[in-house]
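So the structure is just underneath, and the comments pick up after that.
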There are 2 protein chains.
Amino acid sequence: MARTAGSHSDITGPRVREAALTLFARHGYAAVSMRQIAKEVGVQAGALYNYTTDKQSLLFDLMRGHMDDLLDAWAKEPSAEDAFGRLERFTRFHIRFHLGRPQAVFISYMELRNLTPENFATIEDLRRRYESELEKILRDGRDNDVFRVADTKITTLAIIAMLTGVNTWYRSAGRLSLSEVEAIYWDMVRKAVT
Amino acid sequence: MARTAGSHSDITGPRVREAALTLFARHGYAAVSMRQIAKEVGVQAGALYNYTTDKQSLLFDLMRGHMDDLLDAWAKEPSAEDAFGRLERFTRFHIRFHLGRPQAVFISYMELRNLTPENFATIEDLRRRYESELEKILRDGRDNDVFRVADTKITTLAIIAMLTGVNTWYRSAGRLSLSEVEAIYWDMVRKAVT
DNA sequence: GTCTATAGATTGATAGAC
DNA sequence: GTCTATCAATCTATAGAC
């Protein structure tokens, strides 16, 4: 199929999303202008509207994409047999996945209030779906008298908050490797539910 | 001392900070205009500049005030004798203090990137000072063979992230009282360091 | 598909009257 | 101390040429 000279829609589109991701993560959605995004991509501001209907859906697409990736990746994780194995899988998966996409994680936690109500509801639904995956593990383990947790819902949120916190301090050039970090957190999680 | 008619500096000042706190927490610093703050207070935008030099110092004063309050309140907490007592004090204090000021907590975590570099450094210093209070407790407990922690620095950050996470879900009208929540989290913290 | 140009609204901050 | 009025810059989004 012949292409119009100067047509780059298949490459410019991803670059727009990439620039938005970087800039939203660094400065915040409200603080970033469409002109800044355009400058990062190397086009004029008007050209952005060939790839997004408006600034809001640029944010929403990034967040929904991140949540979809998260749920898909977890669905593809091999499952473990016993309760401790399942919990360890989740713990290591969560750390590894989140450390691999710090910008998307940052945006997905910080920019919720800049979503329209409809978009917010969509993202919240996906987030709850992910949380329920961990809660299932905790509930099964408790029902089989393997775990001892006072409240599976609160323990779910506590564990996720603790694990996601890794993103605030971990640097790959730091003194600890990824698997050392995983091991330290798994040790805390394991003890906390025993 | 006689006062000029219409002078309300002693009451308007706090109301400006209060309005900024509420609006920054709800919509984010960058998304809130000086006119919105003025409207919330019930004055015109120009009048705000009798109480703050600019928008940035409005944000900075809120964050520094919050961190000062936090460190002061912890300094006034009665100390405990043994390692577990000290850790339990910290755990319950952290939850109680943070749940008591959800807006200031929210701002202090979300708006760091909207501070000027100098202001950011000041807040970061206070935050590190607070974290080191918990790390001291963990290190002493480990050195006396009371706690078993793989890494006191990481454990410090993990515990604080877990505890601060309460703010994302706790509602005073919910099914759990504040002391029930404290007890559940203390149970997890205690087990995690044993 | 990208450009230039621009509409129309809003921003932070200041000046000067009262 | 607060007001009105305003400056100069910036914003999102669109229109039309190429």
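The figures here come from the full heavy-atom set of this structure, side chains too, leaving out hydrogens, waters and symmetry mates. The structure presented is a predicted model; accordingly, all values stated were derived computationally and were not measured.
Atom pair B:Lys39:NZ and D:dT2:C1' shows a separation of 18 Å (rounding to whole Å applied).
Between B:Trp74 and B:Phe93, the ring planes are tilted. Angles from 30° to 60° get that label.
Tested against A:Glu182 for a side chain to side chain contact (heavy atoms under 4.5 Å, CB included), the candidates A:Asp187, A:Leu163, A:Thr91, A:Ile95 yield a single pass: A:Ile95.
OP1 or OP2 of D:dT4 has at least one side-chain nitrogen or oxygen of B:Gln44 nearer than 4.0 Å. One finds no side-chain N or O of A:Thr12 lying less than 4.0 angstrom from the OP1 or OP2 phosphate oxygen of C:dG1.
Side chains of A:His94 and A:Tyr130: a donor on one and an acceptor on the other come within 3.5 Å.
A donor-acceptor pair under 3.5 Å is absent between the side-chain atoms of A:Lys39 and the main chain of A:Gln44, judged by distance alone.
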Please write out the pairs of protein N or O atoms and N or O atoms of nucleotides 11-15 of chain C separated by less than 3.5 Å, giving the distance to one decimal.
from, atom 1, to, atom 2, distance (Å)
C:dT11, OP1, B:Ser33, OG, 3.3
C:dG12, OP1, B:Val32, O, 3.4
C:dG12, OP1, B:Lys55, NZ, 3.1
C:dG12, OP2, B:Met34, N, 2.8
C:dG12, N7, B:Arg35, NH1, 3.1
C:dG12, O6, B:Arg35, NH2, 3.2
C:dA13, OP2, B:Tyr49, OH, 3.0
C:dA13, OP2, B:Lys55, N, 3.1
C:dA13, N6, B:Arg35, NH2, 3.4

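Contact record, B:Met162 with A:Ala161: CA-CB, 4.3 Å, taken as the closest heavy-atom pair.
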